[in-house]
Each structure stands twice: as structure tokens, then as C-alpha cells.
Peer 1: 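My questions all concern the structure below.
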2 protein chains.
Amino acid sequence: MGAGIDDVALRAGVSTATVSRALRGLPRVSPETRARVLAAARDLGYVASPSASGLATGRTRTVGVMVPYVDRWYFGHAIEGIDQVLRENGYNLLLFSLGGYSPGRRRSFTESMVRKQIDALLVLTLWLSDEELLQLQRTDIPLMAVGGPVDGCAGVHIDDTAAAAAAVEHLIGLGHRHIGYLHGAAQDEHNFKVPGLRSVAFRNTMVRAGLELRPEWLVPGDFTIADGARAAARIFDLPGDKPTALFCGSDEMALGAMFEAQRRGIRIPQELSVVGIDDHEFSEPAGLTTVAQKPVEQGRAAAAMVLAELNGSPAAVQETIMPFELVVRSTTAPPPKRPA
Amino acid sequence: MGAGIDDVALRAGVSTATVSRALRGLPRVSPETRARVLAAARDLGYVASPSASGLATGRTRTVGVMVPYVDRWYFGHAIEGIDQVLRENGYNLLLFSLGGYSPGRRRSFTESMVRKQIDALLVLTLWLSDEELLQLQRTDIPLMAVGGPVDGCAGVHIDDTAAAAAAVEHLIGLGHRHIGYLHGAAQDEHNFKVPGLRSVAFRNTMVRAGLELRPEWLVPGDFTIADGARAAARIFDLPGDKPTALFCGSDEMALGAMFEAQRRGIRIPQELSVVGIDDHEFSEPAGLTTVAQKPVEQGRAAAAMVLAELNGSPAAVQETIMPFELVVRSTTAPPPKRPA
DNA sequence: CTGTTAGCGCATTCAG
DNA sequence: CTGAATGCGCTAACAG
């Protein structure tokens, strides 16, 4: 058990230095010697101690991934993508979940986390304060934001403004003039920029089309299905006229709205159109029209960039905009005929 | 940048040994000295290098978590729970996602993974071969299965047999005699025991109630919503009489069945009852009757046990059965009246 | 209670 | 192409 590098050296009849070189594919090792070392290592089941080689090289072959939640659609998929390319390249993934966007739990991280523990950090959909950013940048490990822009830090994400606009324009194109918006949580805007971007896009698109913004039709949620249902209920409960379409800040919220509508006997899309953002796996079965994005790909792209940077590529880490796509299914249709 | 232990020692006017002791809360350090060291460390922003201390102690304060997927309901939540207690105790979480149950990708793990890299391993809902189990046990780090039983390895999970029986009995109690079953994938049974347990429970419960098992009403799926819809479609497409109720191996499959039913205008629960297992966050909004389990709690329990074991508690790691609960909502009702 | 002395296991100069 | 020596940063006896 626990064969060390000397055991391998002994068995191969070479020095530990040669073993180290041979095993890591470095040059200056004759083919025969390398083969002998490889065989010895295999026979002994030798694997270098990460602690020891980490101490010696200063690199851990581990990248940190910081997320607010792991049990939410975007994050689960993004982590999956990140993990794929990390593992393909022999890197480990150290997960830091914050259990929410609350600044309280977050504080303690940034400080100690990075210290000799990870070679790079991927921050998923979290807003970083200037101070935190500075701390991280001083450690000078490659740093990337995934899923939402962070000022002063390269990131990979979709153009949230354009994506939201695409959804709203689809509705407008269908003839809707009374559109409500179930948006991401306002109180999280400090931690997470995406809701804000989408909200602004909604407003701008509406205004540009000459449509009225009804404050009571703009209701905040937290991206969950439960909150989507709750937010939709608030709109449905409103006295007076109702929107003929709902734009939702996430598919989960859209699905929540759909369930709530169904419970009330509001028919979709005959009486109400609903469009979301994400393309959650529930969306296709539910027939939800949405603006699709691919978090797995975003994760892969980000991971690939930080690894390239670690491998010496000059400026591999670059701001990258990933594509989105409007997927029209069966929750959107022209508005019902009725007196304007 | 990169203050070392000697910097702290120098600043505090003590030796590095004392710094080490003081910082780790070990005894044999006077209160004043400890305070001085703490202050110095804080001023310098000192954090011990995990590689160095790992090398010196042989422990990494990191636990590995092996999952088939991170972007699926059970795993996301279980990881969240594990992460919570790990972090509460100053441990790191190293994530190994296999991207599926395929044995191919799995192989390479077990070998090198454990080697001086983690202090304990949590295996989520994966079946381990005898050989793999042996390898892991030889490394003698605490090992635990979460979410599904693994022979020869302590685990935390619900009683899947009883849970499935509870769901089916609920249906039978309502008066259903024609019950279909959308079960977990058969081809995965080699990797994952849960589907098999639930299937056996379904059969036994049916037989015990004197009900007929219709092979064409037992259709396999893979726990996803898409497959739930597909499996339900297969049953709906069958000629002849249809089941009045569907028991689904997971809530996602149940939701898929519901969407498919809705698409065909089959009314739930008037014409068809549906019950799942899990209590997915979509289940409450969807009104799905289900047998609830709490993966976050299971993750927390498992993590707590391996940490206790690491902290020297004799036999902290114990087989533990977590509770489940039948949650009756609005997708189940007595079967429609019709000629038997 | 505190300082000194050795390693932990590997990667790297530098000779050869 | 290969080996011997040195150190990565910290912890763990052992003295004192």
C-alpha cells in the first residue's frame, strides 16, 4: 500500500528524478527507460501524492468552482460541463457552494479558499464586490465568471439583454400588447446582475414597441417554480384587465405560472401566452416556448479557457458571449380577440 | 502575498511550532501567546498551505463525493447537504461526476482518486463492484453510500421497498385495481440498485393485494421527465383497456406522464391517478401526490457520520434509514366508475 | 508552555 | 540522457 516514488525508482532501477520525469511525460528520458518506469509504476499502482507534488510545484491541478446553489438548474448543468473538461484534462474540481446569495456565508471564502488550494477559480453567477475581486486578482490565479457578467472579470454567458428582448419581441410579434413580467429577485441584484439586465431589456423592448408598462404586472420572484406560481397568482388576482402574455425570467418561473394558470382554468395559450428563458428539461415536455441557453456548454467553455491559461496560453481567458435561441413551442399564440 | 508560517512566527516573536499549535487550537499554548499569534496571522492574512500541511499530516481535510450526475434532482440536493456540513466543519468537497452510469468512465476513478487526495469518500447512488469496493476499503478511508444501498458498505437512504409499497398501497386504498408502473432503467440495475428494489416492491404489493400484473403496463424509463412522458405515451397508446393509475419511479417521470396525459386530454385525477417518489420542487406546484424523501438531509447525515469517524468516533459510520412520507395532493383519486 | 530538529513525498536545479 | 542533492511549507516528536 502507498507505494512511493522511491519504490518505483527502485523497481525500475533508476533514480526518483527519472521516475518523476518519465511519469509526467517530460523530455530527456529514453524510450526504454520511460517504458520501464511506466511498467513499474503500473505494477505498484503508484500515483503521485497530490500534496507532495503540489507542495513541490506550487500547483494543485485543482480548480475551484464557486456557486450560490448546486441544486438549481443553471448551476447543476454548468458544473457538469466544467467537470467534463476538467476531468478530461486531469484536473480536479473543488466545489464551494454558498447555499444562497446571502452575503453572510460568502465572506469567509475568498480569503482562504484560493490560498495554495486551487490553480484557478470559476465563479458562477455571483456578483463580486470590488474588494473581493481585488483579493482574488491579487492571488493572480485565472479567474472567470460563468453565467453572468462581473465587472472587471472575464466571463462567459449569453447576452441576457438580447435574450430577454428576443422573448418579448416574440410576444409582441404575435400581437400581444398587454405583457406582464415575472422577474428575478430584486434583492439579489447586489449579488447577481442577470435579473437586472433582463428587467431593463424587458422595459426597453416594451417602450420601443410603444407598449405600456404596467407596474402591477411586473412582479418579482426568485427564479424558482414556487415563486413563479406565487407571482402569477398575484397578477391573476389583480382587479381589472389582465395581461395576455407573461414573460418569465426563467423557465422554472414560467412553469410555475403555467401550473397556477391551469389550477385556475386559464387556458394556455388561448387565453394567456407564456414565455421563459433557459430551456429547462421540463420545458419541452411542458411545451413551453422559451429562449434556450446551454449552461453545460458555458461551463465547458469557461473551464477550457482557464485551463488554456494555466497551460501557458497568453490571454486564453476572454470575455465570451454564448448563443441563445428562441424555441417556439405551444405556450405562445396570438392574444385572444377582445376589445382593446 | 504568500505569507508563510515563518513570517507569522517572526512577527509574533515565537517559533513556527508555536504558530502551528496556536492556529490549530491545540493545547500547550498560553492564552497571551495564542492571541499574539492569531493577531499576527490575521495581519498577514496567513492561511496554511493545504499541500504542505497535507503532506505533513497525511490528511487533506477534503472529502470526495462521487456522483453519476450533478444536474439531477437527487444529486444536486444531496451534494448541497453534504457541502453544508463539510463546510461547517472546515472540510472541502472534491466533486467527481461520472456523467452517467456508464461503467466506462467510472473505471479510472477509484484507483487514483483516493490516493492522498481525500480523507473520506461519499458515493452517491452508484453501485460498486466487489473489486472496486475492495480497492476502496483497502485505502481504509471512511466510505459511505448515499441514496442507495451498496452491499458491504454502510449507507444512508430511505427504505425504497417500503416507500414504493406506500405509494402503491395508497393507490390500492383508493380503489384502483388497474395500476401501471413507470420504473427506473433496467439497464442501470447493474450500477444502481434502487430501481430494482422499487420494482420488486411494486410487484409484491400488487400480488399481495391480489391484483393482476400486466406486463405491458410495466414500462422502463431512466428517471427523467422526457422518459416519463415517453413511457406514459407507450401505455396510452396500448390497445384495449388502460390502467386507472400510474405509479412512477420518480417524480420527474410522474410529471412527464402528467404532461403527456394533459396533451392527450386525459384528465388527472378523474380519469387517471398518478403518484411518484421524491417530492421534487415541481411536485407541489403541480399538485403531484408523492412519497417524499429529503436528499439534503441524507447528505447531511452521511457527511456528519464520516466526519465523526475522521474525528475518532469509534464506529460513527452506520447504516441509517431515513424517513419518507406519503404526501397526498391532487393527482390521486378513486378510479372512475366503469365496468370491471 | 515553547523552541529545535527532522522529515512528509515529490520536483527540481545542477553535475555528470 | 540520468542521478544526487536541495527545498517546497508545515507538523510532529523531542528536548528544554
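Lettering follows sequence order; numbering is per chain, from 1.
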Peer 1: Rounding to an integer number of Å, can you tell me how far L26(B) CG sits from dC14(D) P?
Peer 2: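 In whole Å, dC14(D) P and L26(B) CG are 17 Å from each other.
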
Peer 1: Nearest-nucleotide wise, let me know which of A56(B) and R28(B) is further upstream toward the 5' end of DNA chain C.
Peer 2: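 Taking each residue's closest nucleotide, the earlier one in sequence belongs to R28(B).
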
Peer 1: Would you compute the distance between atom CG of L86(A) and atom CD1 of I79(A) and round it to the nearest 0.5 angstrom?
Peer 2: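 Here the interatomic distance stands at 11.5 Å.
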
Peer 1: Would you kindly give the CD-to-C1' distance between E32(B) and dC1(C), to the nearest whole Å?
Peer 2: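 The distance from CD of E32(B) to C1' of dC1(C) comes to 10 Å, rounded to the nearest Å.
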
Peer 1: Find which nucleotide of DNA chain C each of T33(B) and L55(B) is nearest to by heavy atoms, and output the residue with the more 5' nucleotide.
Peer 2: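 Upstream on the strand: T33(B).
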
Peer 1: Measure from CG on L10(B) to C1' on dC10(D) and round the result to the nearest Å.
Peer 2: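 Atom CG in L10(B) sits about 17 Å away from atom C1' in dC10(D).
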
Peer 1: Quick one: on DNA chain D, does V29(A) or T16(A) contact a more 5' nucleotide (nearest heavy atom)?
Peer 2: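 Its nearest nucleotide being more 5', the pick is V29(A).
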
Peer 1: Can you measure R21(A) atom CZ to dT13(C) atom P for me and round it to whole angstrom units?
Peer 2: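 Between P of dT13(C) and CZ of R21(A): 11 Å.
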
Peer 1: Hey, what do you get for OG1 (T125(A)) to CZ (F223(A)), rounding to the nearest 0.5 Å?
Peer 2: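 With rounding to 0.5 Å, OG1 (T125(A)) is 8.5 Å from CZ (F223(A)).
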
Peer 1: So how far is it from L10(B) CG to T16(B) OG1, rounded to the nearest 0.5 Å?
Peer 2: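 Result: 11.5 Å between the selected atoms.
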
Peer 1: Starting at NZ of K116(B) and ending at P of dC8(C), how long is that distance when rounded to a whole Å?
Peer 2: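 So the two atoms are 11 Å apart, to the nearest Å.
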
Peer 1: Students often get this wrong, so: under 4.0 angstrom with heavy atoms, is V14(A) touching a base, only sugar-phosphate, or nothing?
Peer 2: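 Since only primed, P, OP1 and OP2 atoms lie under 4.0 Å of V14(A), the category is sugar-phosphate.
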
Peer 1: dC10(D) P sits how many Å from Q117(A) CD, rounded?
Peer 2: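 Atom CD in Q117(A) sits about 13 Å away from atom P in dC10(D).
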
Peer 1: Among dC10(D), dC10(C), dT12(C), find the nucleotide with the atom closest to the side chain of I5(B).
Peer 2: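 Per side-chain heavy atoms of I5(B), the pick is dC10(D).
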
Peer 1: Distance check: side-chain N/O of S15(B) vs OP1/OP2 of dG3(C), anything under 4.0 Å?
Peer 2: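 Yes, within the criterion.
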
Peer 1: What is the distance from atom CG of L310(A) to atom CE of M305(A), rounded to the nearest 0.5 Å?
Peer 2: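 Answer for the CG-CE pair, L310(A) versus M305(A), is 13.0 Å.
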
Peer 1: Would you mind classifying the nucleic acid contact of R24(B) as base, sugar-phosphate or nothing, using non-hydrogen atoms under 4.0 angstrom?
Peer 2: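 The answer is sugar-phosphate, as R24(B) gets under 4.0 Å only of primed atoms, P, OP1 or OP2.
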
Peer 1: Rounded to whole Å, how long is the line connecting atom CZ of R59(B) with atom C1' of dA12(D)?
Peer 2: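 Computing the R59(B):CZ to dA12(D):C1' distance gives 15 Å.
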
Peer 1: Taking the six-membered ring of F75(B), is the NZ or CZ of R72(B) close enough (under 6.0 Å from the centre) and on axis enough (within 45°)?
Peer 2: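 No cation-pi geometry.
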
Peer 1: With heavy atoms under 4.0 Å as the rule, sort A17(A) into base, sugar-phosphate or nothing.
Peer 2: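 Base, at least one base heavy atom under 4.0 Å.
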
Peer 1: Check whether any side-chain N or O of S53(B) sits under 4.0 Å from OP1 or OP2 of dC10(D), and answer yes or no.
Peer 2: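 Answer is no, no contact under 4.0 Å.
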
Peer 1: Output yes when at least one side-chain N/O atom of T18(B) is less than 4.0 Å from OP1 or OP2 of dG3(C), else no.
Peer 2: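 True: T18(B) side-chain N/O within range (under 4.0 Å) of dG3(C) OP1/OP2.
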
Peer 1: Y46(A) OH to dC10(C) P: how many Å, rounded?
Peer 2: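 Roughly 4 Å, once rounded to whole Å.
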
